[in-house]
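Encoded as structure tokens, the structure appears first; notes follow it.
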Amino acid sequence: MLLPFLSKEKVMITANEIYEKLEIVYGKPRWWSDDPYIVMVQSILVQNTVWSSVEKVTDTILSELKPERLLRLDDEKLQEMIRSCGFCKGKSATIRRITQWYGKYSYNANTVRKLGKDQLRKELLSIKGIGAETADVILVYAFHKPSFVIDTYTRRFLERMGFQFDSDDEIRTFFEIGVDEDFQIYGWLHWLLLEHGIEHCKKVPVCDKCAFEKDCKNCG
């Protein structure tokens, strides 16, 4: 299907071809935690920091990562627990706010999953500190809603491949139309694009042995 904002000349590789090629190179990617609350906390911690720091913090405070227990922590204690992820005051406040929001649903993921995707995304975006990328991560990995996650790595990759999208909405449409509408596929593809961005499509690209060398305008 040709998307209305792309001319035939721009369609050099499809979303599904991108997914298949990434999966061949990197294999089936990992998933976030099976615990929806841990996903929510980690999606906030990972903002403007590296994943290894998030994993270290998560391992350290795992016993506290129960919503009722976390809400009983005072601000200083919570900030100290997550300090190594940076921006500890802002992140601790956001974690507290999303925990309170989750409490409206009795901390029951199945109850939240009964909400429509658009309604749930709207509620998440209304929480101070939750932006579009974080909301989509929570939708996909915590509550199993097919809402494609767009980050810096994805934008950079597509730009170097020669695509010229005017907005994140156009990028989201490209992927959501181009691959099966399945939250797992969206989640896997997001991880694969992240891995490729870390391995090859960095700020300064590493084009040697890149699977997209023949397709990429930067490498070509």
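Atoms considered below: every heavy atom in the structure, side chains included; atoms not considered: hydrogens, waters and symmetry mates.
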### Query
Considering the options D136, V137, V140, which one meets the side chain to side chain contact (heavy atoms under 4.5 Å, CB included) requirement together with S43?
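Only one option passes, and that is V137.
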### Task
Please report the C-alpha distance between F143 and M40 in whole Å, then the side-chain angles of each, then the deciding distance to 0.1 Å, and finally whether the side chain to side chain contact (heavy atoms under 4.5 Å, CB included) criterion is met.
CA-CA 10 Å; F143 300 120; M40 285 187 272; 3.9 Å; yes
Check whether any side-chain heavy atom of [X] lies under 4.5 Å from a side-chain heavy atom of [Y], and answer yes or no.
X    : Y    : value
I150 : E133 : no
I98  : L124 : yes
F183 : W188 : no
R155 : D168 : yes
I130 : I44  : yes
E195 : P29  : yes
D215 : K21  : yes

As an exercise, state the distance from [atom1] of [X] to [atom2] of [Y], rounded to the nearest 0.5 Å.
X    : Y    : atom1 : atom2 : value
C201 : R160 : SG    : CZ    : 4.5 Å
E181 : E176 : CD    : CD    : 7.0 Å
L158 : I171 : CG    : CD1   : 5.5 Å
K56  : L45  : NZ    : CG    : 13.5 Å
R172 : S147 : CZ    : OG    : 5.0 Å
Y186 : Y19  : OH    : OH    : 11.5 Å

Donor-acceptor pair, side chain of [X] and main chain of [Y], under 3.5 angstrom:
X    : Y    : answer
T173 : D169 : yes
D180 : D182 : no
E170 : D166 : yes
S92  : K89  : yes
R113 : H144 : no

Indicate whether any N or O donor in one side chain lies under 3.5 Å from an N or O acceptor in the other, for [X] and [Y].
X   : Y    : answer
E55 : W51  : yes
E20 : N16  : yes
Y37 : T99  : yes
Q42 : S33  : no
Y26 : H196 : yes

If I compare all heavy atoms of [X] with all of [Y], which pair ends up nearest, and what's the gap?
X    : Y    : value
Q100 : L71  : CG-CD2, 4.0 Å
S53  : C85  : O-SG, 3.7 Å
R83  : C88  : NH1-SG, 3.5 Å
L73  : K77  : CD2-CG, 3.8 Å
N108 : N110 : OD1-N, 2.9 Å
L115 : K145 : O-NZ, 2.5 Å

Can you confirm whether more than 12 heavy atoms, excluding those of [X], are under 6.0 Å from its [atom1] atom?
X    : atom1 : value
D34  : CG    : no
K203 : NZ    : no
K214 : NZ    : no
K117 : NZ    : yes
F87  : CZ    : no

### Message
Before you tell me yes or no, could you show the steps for F174 and F163 under ring-ring contact (aromatic ring centres under 6.0 Å, His included), namely the whole-Å CA-CA distance, both residues' side-chain angles and the distance that decides it to 0.1 Å?
### Response
CA-CA 10 Å; F174 171 72; F163 292 99; 5.1 Å; yes
### Message
Checking ring-ring contact (aromatic ring centres under 6.0 Å, His included) between Y105 and each of Y102, W101, Y107, which is the one that passes?
### Response
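In the set Y102, W101, Y107, the residue that makes a ring-ring contact (aromatic ring centres under 6.0 Å, His included) with Y105 is W101.
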### Residues E159, R156: salt bridge by 4.0 Å N-O rule
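Between R156 and E159 there is no salt bridge, as every charged N stays at least 4.0 Å from the carboxylate O atoms.
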Would [X] end up clustered with [Y] when hydrophobic side chains under 4.5 Å apart are linked, directly or stepwise?
X    : Y    : answer
W31  : I138 : yes
V206 : L192 : no
I82  : V50  : no
L120 : L125 : no

### Query
What about the rings of F157 and F212, do their centers lie closer together than 6.0 Å?
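F157 vs F212: aromatic centres under 6.0 Å.
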### Message
Evaluate T154 against D151 for side chain to side chain contact (heavy atoms under 4.5 Å, CB included), listing each step before the verdict.
### Response
CA-CA 5 Å; T154 301; D151 59 10; 2.9 Å; yes
### Message
Using the rule given for side chain to side chain contact (heavy atoms under 4.5 Å, CB included), can you reason through T49 versus K91, listing the C-alpha separation, both sets of side-chain angles and the distance that settles it, and then say yes or no?
### Response
CA-CA 12 Å; T49 193; K91 289 182 180 180; 4.0 Å; yes
### Task
I would like to know whether L78 and R96 meet side chain to side chain contact (heavy atoms under 4.5 Å, CB included); could you show each step before the answer?
CA-CA 9 Å; L78 180 55; R96 196 175 295 280; 3.9 Å; yes
